[in-house]
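Hydrogens, waters and symmetry mates play no part in the numbers below; they use all other heavy atoms, side chains included.
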Amino acid sequence: MIRKTGLFFIAIMLLFTVIPIGMALGAGVPSFTVSASQVKVGDDVAVTIHGNHVTDLYGYEVVLTYDADRLEFDKEQSNGSFEGYKIAQNSGNQATFAFTKIGNKPGETGDLAICTLIFKAKTSGQANVTLKQMTTVTSQSLASSWNVNAQNAIQIDGTGAGTDRGGGSPASPTKEDPNLYVPQESELRIETAQDGQTSVTAVIDSKRLAQKLTDLQAASGSTVLNFEIPGEHALNALQLPLPTLYDSFKDHKDTVLTVRSHLGTYELPMSILNQAAFASAAGTEGATLIIRLDKAKSQHETQFDQSLSEKGMARVSDIIDYKVILKTRDKEVEIHSFGSSFVSRVIRVDDVIQDSSAATAVVYDPVTGEMKFVPSTFTVTNGQTEVKVTRNTNSMYAVVHNKQTFNDMAGHWAQKDVELLASKLIIAGTSDRTYTPEMQVTRAQFAALLVRGLGLSAESVQHVFTDVPASEWYASEVHTAAKYGLVQGVGEGKFNPDAQITREQMVVMMMKAIALVQGEKKSEAAMQAPFADQGRISDYARNAIAEAAAKGLIQGKTETEFAPQDAATRAEAAVMIKRMLQYVKLIN
């Protein structure tokens, strides 16, 4: 297959032969690697492409991807290692460098430093560079394309220029960034699975981690320790010594461990170590905490895409499988739920999502094929979209495009909010094309909306209410809402699921949901609601309504009255859920 190029090869290629890696041109088997210098912010970074067992190299084209957030490609300074003519191009995070000799000259043979590409170090941290493809051309215009994927990680120190350009004394040694842990080569395990996917596991050294956590605690103003997983592997894991983490956690419960790979990030608060499973394993020799960010298998992608197509949706990201595993010598236990702790992850989409109201992250169950909304916010950065998923459980997540409208919402005061939540799979219409906004809402229906909006997993939990039988569609959502303290009964072990929910009941549930996400304790101090009919507000709802009004989350039915005892409508319920989710930053 001839690969189109905008560089010089189109003119000099008389014959293009694609040879898979592992076949030889000439006497040896060519291979290509990439090396780079370790520098400081502001320095030039020299990335050198090496070739081994090269035969008759007359021209070549290098395709290299790099971390554009930390590196800037310098086309002018980049050059080949022998005389000739160069062309350099840059596009986003990809640099293309082509070089050829001119005239009747022999090609180069042997182990060579082929070219050196120059970058400027912009910001501190680990910058990954990957030699994706190498095209070689002989003096007889015979061309071969090699898929390489050779990687290198560049550590950029954030303390300023690393060389003495003025002829003075050498720069004094500087301390490592206390917020960044870059695994050493001895800590990395890179393997190839049977399906051809590559995996990388960073097995973190106990002594290095203990020192890093100590340095982090000594540094002012930050409680986040970032771990960099190098390369572009399908399977990515960070393996941490649990006893070391637990010792640090005793005195520093607010520390957050952030794992960053090319797939995205995972922010794990060390407060999860409060769970009994971690506490009991912390004293076990060799116990480890494993954090995984894996690209889903192809069969899961195929199954998911088929389900999306049937629903008129489209997937716009990889499916990422997030896991936290507690490993001891005799077993591995996957931690699915973090209780009341909401954990953040970032999925990177290689495109700009202009309208976040028509897109959402979803959780995907490969066993049932079902997908559901998970709280997610969208931020566009450097031509990519970062989707932050915040949820208290792990699973497979993906980003999908979906746009929902209803005929009976055209021109309605709640149209924008209703269609936003419908597009995000939080609410559904009474039919494919109608929402019926003025229909009243039951207590069970609103409890279910809260559970879905918060992305809580409606697991099988102990039945709390005698009038909520397991056979009802809302049973798991109502009991999940009770488990997290979002709802209370009406007395005698009953919930009254089919009763119409009042406006004040809806506000009380909403404020409990906000407290759950933010980890706040409700104030016991009496508050005054700013409504003329506050005398009609039940005692149990006074503080919730006053606080919601102060936060700008609710308005009255009129300019002066809240109408607390009125039954809430489907339109009002949708607007309430939307305002709550935006307030706690679970949607844009």
Side-chain angles (χ1 to χ4, degrees), residues 21 30-54 60-75 77-81 88 90-97 99 111-136 146-158 162-163 176-177 180-192 197-204 226-238 259-263 348:
I21 201 78
S31 62
F32 304 94
T33 59
V34 54
S35 66
S37 55
Q38 309 300 306
V39 298
K40 298 179 181 179
V41 171
D43 278 355
D44 288 341
V45 183
V47 176
T48 302
I49 310 301
H50 302 271
N52 296 316
H53 307 296
V54 175
Y60 55 85
E61 179 188 90
V62 171
V63 178
L64 183 113
T65 60
Y66 63 94
D67 185 344
D69 291 334
R70 294 192 170 100
L71 298 174
E72 180 180 350
F73 183 45
D74 189 334
K75 295 187 292 185
Q77 297 299 320
S78 299
N79 219 326
S81 299
N90 187 43
S91 176
N93 70 332
Q94 179 172 294
T96 304
F97 182 82
F99 198 93
D111 296 338
L112 311 171
I114 295 175
C115 63
T116 298
L117 308 186
I118 303 299
F119 296 81
K120 179 72 71 176
K122 298 193 296 183
T123 60
S124 63
Q126 178 175 294
N128 296 321
V129 293
T130 303
L131 175 59
K132 303 292 290 186
Q133 191 169 49
M134 187 80 182
T135 302
T136 59
W146 310 82
N147 293 320
V148 183
N149 284 325
Q151 299 159 354
N152 196 288
I154 304 165
Q155 180 58 41
I156 304 173
D157 193 333
T163 57
E176 290 185 357
D177 182 350
L180 181 65
Y181 191 113
V182 178
Q184 295 176 345
E185 197 169 327
S186 59
E187 295 174 284
L188 296 177
R189 309 284 186 270
I190 299 177
E191 300 173 317
T192 302
Q197 289 185 321
T198 59
S199 68
V200 58
T201 302
V203 183
I204 299 304
N226 299 295
F227 294 84
E228 296 278 2
I229 305 294
E232 297 185 8
H233 304 277
L235 310 176
N236 303 264
L238 180 74
V259 186
R260 302 195 300 223
S261 82
H262 74 104
L263 295 175
R348 291 198 180 100

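The side-chain hydrogen bond (donor to acceptor under 3.5 Å, both in side chains) search around N93 returns none, not counting sequence neighbours. With sequence neighbours excluded, the residues forming a side-chain contact (heavy atoms from CB on, under 4.5 Å) with I190 are V200, H233, listed by chain and number. Annotation: side-chain contact (heavy atoms from CB on, under 4.5 Å) contacts of A121 (sequence neighbours excluded): V39, V45, I156. Partners of K75 according to the salt bridge (charged side-chain N to carboxylate O under 4.0 Å, His left out) rule, which considers only residues two or more places apart in sequence or in another chain, do not exist here. Evaluation of the side-chain hydrogen bond (donor to acceptor under 3.5 Å, both in side chains) rule for H50 yields S35 as partners, not counting sequence neighbours. Here E72 pairs with nothing under the salt bridge (charged side-chain N to carboxylate O under 4.0 Å, His left out) rule; sequence neighbours left out. In this structure, the side-chain contact (heavy atoms from CB on, under 4.5 Å) partners of R348, at least two apart in sequence or on a different chain, are T265, Q384, E386. Legend: residues meeting side-chain contact (heavy atoms from CB on, under 4.5 Å) with S199, ordered by chain and number and at least two apart, are E191, L235. With sequence neighbours excluded, the residues that form a ring pair (Phe, Tyr, Trp, His ring centres under 6.0 Å) with F73 are F119. Remark: T48 engages T116 in a side-chain hydrogen bond (donor to acceptor under 3.5 Å, both in side chains) (not counting sequence neighbours). Qualifying side-chain hydrogen bond (donor to acceptor under 3.5 Å, both in side chains) partners for N226, counting only residues two or more places apart in sequence or in other chains: none.
The salt bridge (Lys or Arg N to Asp or Glu O under 4.0 Å) analysis of residues 125-134, with sequence neighbours excluded, yields the pairs K132-E232.
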